[in-house]
Student: 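Here it is: the structure, laid out below.
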Protein chains: 2
Amino acid sequence: MILRSHVEWALHCCAILAGLPEGKYLSTKALAEFHGLPKEYLSKALQALSQADLVDTTLGPTGGYRLAKPTSDITVLDIVEAVEGKARTFECTNIRAANPCRPAGFCDAGPCAVARVMWAADEAWRSSLRNVRLSDLVATVADDVPQDVWKSTGAWIARRAG
Amino acid sequence: MILRSHVEWALHCCAILAGLPEGKYLSTKALAEFHGLPKEYLSKALQALSQADLVDTTLGPTGGYRLAKPTSDITVLDIVEAVEGKARTFECTNIRAANPCRPAGFCDAGPCAVARVMWAADEAWRSSLRNVRLSDLVATVADDVPQDVWKSTGAWIARRAG
DNA sequence: ATATTAAGGATAATTTATATCCGTATGAAT
DNA sequence: ATTCATACGGATATAAATTATCCTTAATAT
């Protein structure tokens with residue numbers, strides 16, 4: 001089991017969009033160049049963010065993406081679920097229902113014990129992601145990156161913003 | 001992202017093996033019949049459990065599988081990792097390294113902030129699974145299943161055991 | 001001997017992930 | 001008005017992972 005690369009791309013793109021000057025947009029092309037990603041395919045991830053109302057878009061020569069909310073109102077889980085979907089990572093196919101000793105109506109009493117354990121772990125995963133806001137992530141990145149790189153990166157974003 | 005069906009199969013099979021009479025083995029064929037699964041493919045999951053030393057096997061007409069340890073010494077995570085692997089569910093491809101403003105030696109200071117957040121969630125997921133022992137799971141199943149079904153299921157297992 | 005089993009290699013089919021291409025509508029600049 | 005750059009969505013193609021089957025080999029009980 002591995003998360004789609006879109007998850008990684010979307011998180012990095014949101015972190016970059018957080019550094020965008022007020023009212024400006026950043027295009028798919030700029031985001032793809034910045035991260036060295038295939039523009040057309042990255043576009044699909046950004047569309048998913050748009051459909052989840054995490055980013056606003058506009059068309060035309062100065063068009064692109066910007067965050068639709070304050071970074072403190074977006075969680076990492078929001079971003080992950082926007083591109084990966086909200087479906088649980090464990091799918092119960094109810095194989096207990098094949099038990100040759102089953103009576104009629106077996107399994108009618110709710111999800112099986114295995115599914116409950118796996119779903120609890122899934123929820124622990126989501127909970128961990130829900131507890132990190134985009135603002136937290138950006139703060140951590142700012143902490144990691146040397147000040148001069150952080151500054152020139154911000155300038156690069158501003159230069160490419162339309 | 002979805003876990004392989006082997007995870008579900010392995011968990012249910014281990015729960016069944018927990019009800020096996022002392023010293024006996026249960027074959028792939030019996031486990032496949034019980035759960036309505038393709039025998040040959042289920043066999044791959046059981047081989048993974050064997051390679052992880054969670055089950056013992058023996059050949060011949062009375063051969064099959066049995067648990068290699070007490071149910072309280074096996075965690076759900078052990079079983080999940082045996083068939084799904086221990087690799088993290090988020091793979092960092094270090095796309096920050098493409099930053100056009102990067103200096104030489106950028107990214108040498110350890111994993112990026114995005115990866116750390118995702119890996120922390122992965123660890124929360126594993127931790128949740130690690131905290132459930134096979135004995136706990138079996139106890140929950142026993143609680144769920146009506147007594148008569150539980151008893152006849154145990155009899156079925158004993159009848160098919162070699 | 002014979003039958004039954006696990007193990008593992010080879011292969012195929014199916015599904016998902018990754019990636020590209022193209023047409024349309026929109027908005028900005030000239 | 002015209003031109004250009006953009007997001008969007010559909011269609012298609014390619015690659016990889018998952019699911020599944022088949023077959024051979026070695027071991028073991030009867």
Side-chain angles (χ1 to χ4, degrees), chain A residues 1-10 13 17 20 23-33 35-66 68 82-85 87 89-91 93 95 160-162, chain B residues 1-10 13 17 20 23-33 35-66 68 82-85 87 89-91 93 95 160-162:
Chain A
M1 179 187 69
I2 195 83
L3 290 166
R4 309 198 323 154
S5 55
H6 278 179
V7 169
E8 182 183 18
W9 300 1
C13 285
L17 291 180
L20 200 55
K24 299 277 192 165
Y25 294 87
L26 196 61
S27 70
T28 307
K29 193 179 173 197
L31 286 165
E33 278 179 34
H35 294 112
L37 301 174
K39 178 168 93 75
E40 307 276 5
Y41 191 34
L42 171 62
S43 167
K44 305 297 186 188
L46 297 172
Q47 285 174 40
L49 294 177
S50 174
Q51 282 166 4
D53 290 322
L54 299 179
V55 299
D56 285 334
T57 75
T58 187
L59 293 173
T62 62
Y65 297 88
R66 68 179 179 202
V83 299
E84 189 73 29
T89 58
F90 178 85
E91 193 175 297
T93 64
I95 63 175
R160 296 297 299 267
Chain B
M1 179 186 69
I2 195 84
L3 289 166
R4 311 200 321 156
S5 57
H6 276 179
V7 169
E8 182 183 19
W9 300 0
C13 285
L17 291 179
L20 200 55
K24 299 277 192 165
Y25 293 87
L26 195 62
S27 70
T28 306
K29 194 179 172 196
L31 286 165
E33 278 179 32
H35 294 113
L37 301 175
K39 179 168 93 76
E40 307 276 4
Y41 190 34
L42 171 62
S43 167
K44 305 297 186 188
L46 298 172
Q47 284 173 40
L49 295 177
S50 175
Q51 281 166 5
D53 290 322
L54 299 179
V55 299
D56 286 334
T57 76
T58 187
L59 293 173
T62 62
Y65 297 88
R66 69 180 180 202
V83 299
E84 189 71 25
T89 58
F90 178 86
E91 193 175 297
T93 64
I95 63 175
R160 297 297 300 265

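Labels below follow one simple rule: chain letters A, B, ... track the order of the sequence lines, proteins then strands, and each chain is numbered from 1.
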Student: Listing time: all N or O pairs from protein to nucleotides 28-30 of chain C that are below 3.5 Å?
Tutor:
none

Student: Within the 4.5 Å heavy-atom criterion, are Arg4(A) and Glu84(A) side-chain neighbours or not?
Tutor: yes
Student: Salt bridge (Lys or Arg N to Asp or Glu O under 4.0 Å) with Glu33(A): which residues, sequence neighbours excluded?
Tutor: Arg160(A)
Student: Rounding to an integer number of Å, can you tell me how far Gln47(B) CD sits from dT5(C) P?
Tutor: 15 Å
Student: For the pair made of CG in Leu54(B) and P in dA6(C), what is the distance, rounded to whole Å?
Tutor: 17 Å
Student: Side-chain N or O of Thr57(A) less than 4.0 angstrom from OP1 or OP2 on dT6(D)?
Tutor: no
Student: Atom CG of Leu49(A) and atom P of dG9(D): how far apart are they, to the nearest Å?
Tutor: 13 Å
Student: Distance check needed: dA20(D) P versus His35(B) NE2, whole Å only.
Tutor: 15 Å
Student: Does Tyr25(A) reach a base, just sugar-phosphate, or nothing at all? Heavy atoms under 4.0 Å.
Tutor: nothing
Student: Write down the distance between CG (Leu42(A)) and P (dT6(D)), rounded to a whole number of angstrom.
Tutor: 14 Å
Student: Of Thr57(B), Leu37(B), Leu46(B), which meets side-chain contact (heavy atoms from CB on, under 4.5 Å) against Thr28(B)?
Tutor: Leu46(B)
Student: Tell me: NZ of Lys39(B) to C1' of dA20(D), nearest whole Å?
Tutor: 13 Å
Student: Restricting both atoms to N or O, compile the protein contacts to nucleotides 13-19 of chain C shorter than 3.5 Å, with distance only.
Tutor:
residue	atom	partner	partner atom	Å
dT18(C)	OP1	Ser5(A)	N	3.4
dT18(C)	OP1	Ser5(A)	OG	3.4
dT18(C)	OP2	Ser5(A)	N	3.4

Student: Of all the heavy-atom pairs spanning Ala48(B) and Ala82(B), show the shortest one and how long it is.
Tutor: CB-O, 3.5 Å
Student: Within this structure, what is the CD-to-C1' distance between Gln51(B) and dA6(C), rounded to whole angstrom?
Tutor: 11 Å
